[in-house]
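Written out below as structure tokens is the structure these notes cover.
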Amino acid sequence: MKILAIESSCDETAAAVVEDGRVIVSSVIASQVEEHKLYGGVVPEIASRRHCEAINGVVRQALEEASLTLSELDALGVTYAPGLIGALLVGVNFAKGLSLSTGLPLVPVHHLRGHIAANYLAHPDLKPPFLCLVVSGGHSHIVEVTDYTQMKVIGKTRDDAAGEAFDKAARTMGMPYPGGIHLDKLAEEGNPDAFTLPRPKVEGAPYDLSFSGLKTAVINLIHNASQKGVELPVADLSASFRKAVVESLLERFLKAAEDLHYHTLVLAGGVSANALLRRRTAEECQKRGWEIYYPPLALCGDNAAMIGSQAYYEYAAGNLATTALNARATMTIDF
Ligand code: KG4
Ligand code: ZN
């Protein structure tokens, strides 16, 4: 079954053709990051406009690279939640129009379910059930994936998402948007024990996370140093911050896996590209004889191939949309 998928939830306009949920036939991503960099973050109105301009060409290119015409497809998949509402609406309306004109069934896909499905594209042997740490720019969740379309959030951040914390800390250190990747690179050269940073806990919620205290601690440290004219060792600070975020994530993830008896662990979302998170999770799983999966770097960030993969399983579960489908800025993954 060949599905053409569309993704436009944030600052990437993407289209892909995916076969049977597991094989990428084509995948095209038009990134707007260079333009948003000028403002230090995504400007929603600019994102919507750029999606409008790019979507036709991106979809056309995905079909061309797959050497397919619309009549050779079996279904359409589209991200409809969560994300920037104006950005999501571009993809949703384009997909609805295409569905109406071709008669192809339309499959609505939750963006974070797509991030999890990126793993199905890279690991043919991976099947639910497993425990997944979904860490992106907007979300940090620990999710029980009991089946392809059955999941339960058992822990989440009470304030900032991990990616957001990385980006804000990186921005204060003078790195360009999105700073997470720059901070990760610089951290490789620094001493992770140079700075003692807080590791916030959420009372009575062993799997919940909190990053705002940690983020504020780093920002205060930087501002205090600059007021005194002291130059901070940025690589050491990056390494210490990265260690605090990763250990905080990992502690909850491992505890949840132990308590709920999951021995297959999966990372998903933009932050799953983090070198330390990948290394440390793999180490801890190896120690315990557990399996660990994470997407290749090219599939960690936003793309439409992951949406095409999840669309296959949503279609199989009978989750189809009508032309009344609307975009939603917020929506839980375990609906
Ligand atoms: O999943 P994603 O591409 O978009 C959302 O759905 O939010 O995640 C983007 C987030 C950004 O905050 C970015 O800084 C972060 O993922 N990120 C990283 C790394 N690569 C991307 N954070 C830490 N280390 C990285 N290597
Ligand atoms: Zn994403």
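Note that ligands are numbered from 1 as they come in the structure, with each ligand's atoms numbered from 1 the same way. The residues of the chain are indexed from 1 along the displayed sequence.
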So which bit of [X] gets within less than 4.0 Å of ligand 1, heavy atoms only: side chain, backbone, both or neither?
X: His139; result: neither
X: Val271; result: both
X: Asn274; result: both

Ligand-side contact atoms (ligand 1) for residue partner [X], heavy atom cut-off under 4.0 Å:
X: Gly137; answer: 5 (C), 7 (O), 8 (O), 9 (C), 10 (C), 12 (O)
X: Phe166; answer: 22 (N), 23 (C)
X: Gly138; answer: 7 (O)
X: Gly163; answer: 12 (O)
X: Gly301; answer: 3 (O)
X: His111; answer: 6 (O)

* Out of Val246, Asp167, Leu276, whose heavy atom is nearest to atom 13 (C) of ligand 1? ->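 Checking each option, the heavy atom nearest atom 13 (C) of ligand 1 is found in Asp167.
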* **Contact check: Cys10 to the Zn ion (ligand 2), N/O/S below 2.8 Å** =>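 For Cys10, the answer is no, given that no N, O or S atom comes within less than 2.8 Å of the Zn ion (ligand 2).
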* Indicate yes or no: does Glu53 engage Arg49 in a salt bridge with an N to O separation below 4.0 Å. =>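 The answer is no: the pair does not qualify as a salt bridge.
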* **Residues Asp11 and Gln32: side-chain donor-acceptor under 3.5 angstrom** =>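 Judged by distance alone, the side chains do not pair up.
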* Are the side chain of Ser238 and the backbone of Val234 linked by a donor-acceptor contact shorter than 3.5 Å? ->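 Present.
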* Checking ring-ring contact (aromatic ring centres under 6.0 Å, His included) for the pair Phe241/Phe195: CA distance, chi angles, key distance, verdict? -> CA-CA 8 Å; Phe241 181 79; Phe195 292 89; over 10 Å; no
* To do: Report the relative orientation of the aromatic rings in Tyr148 and Tyr313; use parallel for angles under 30°, tilted for 30 to 60°, perpendicular for over 60°.
  =>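 Taking Tyr313 first and then Tyr148, their aromatic rings lie parallel (interplane angle under 30°).
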* To do: May I ask whether Cys10 places a heavy atom under 4.0 Å from ligand 1?
  =>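 Judged by the 4.0 Å heavy-atom criterion, Cys10 does not count as contacting ligand 1.
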* To do: Could you pull out the atom name of the N/O/S atom in Asp302 that is nearest the Zn ion (ligand 2)?
  =>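 Closest to the Zn ion (ligand 2) among those atoms: OD1.
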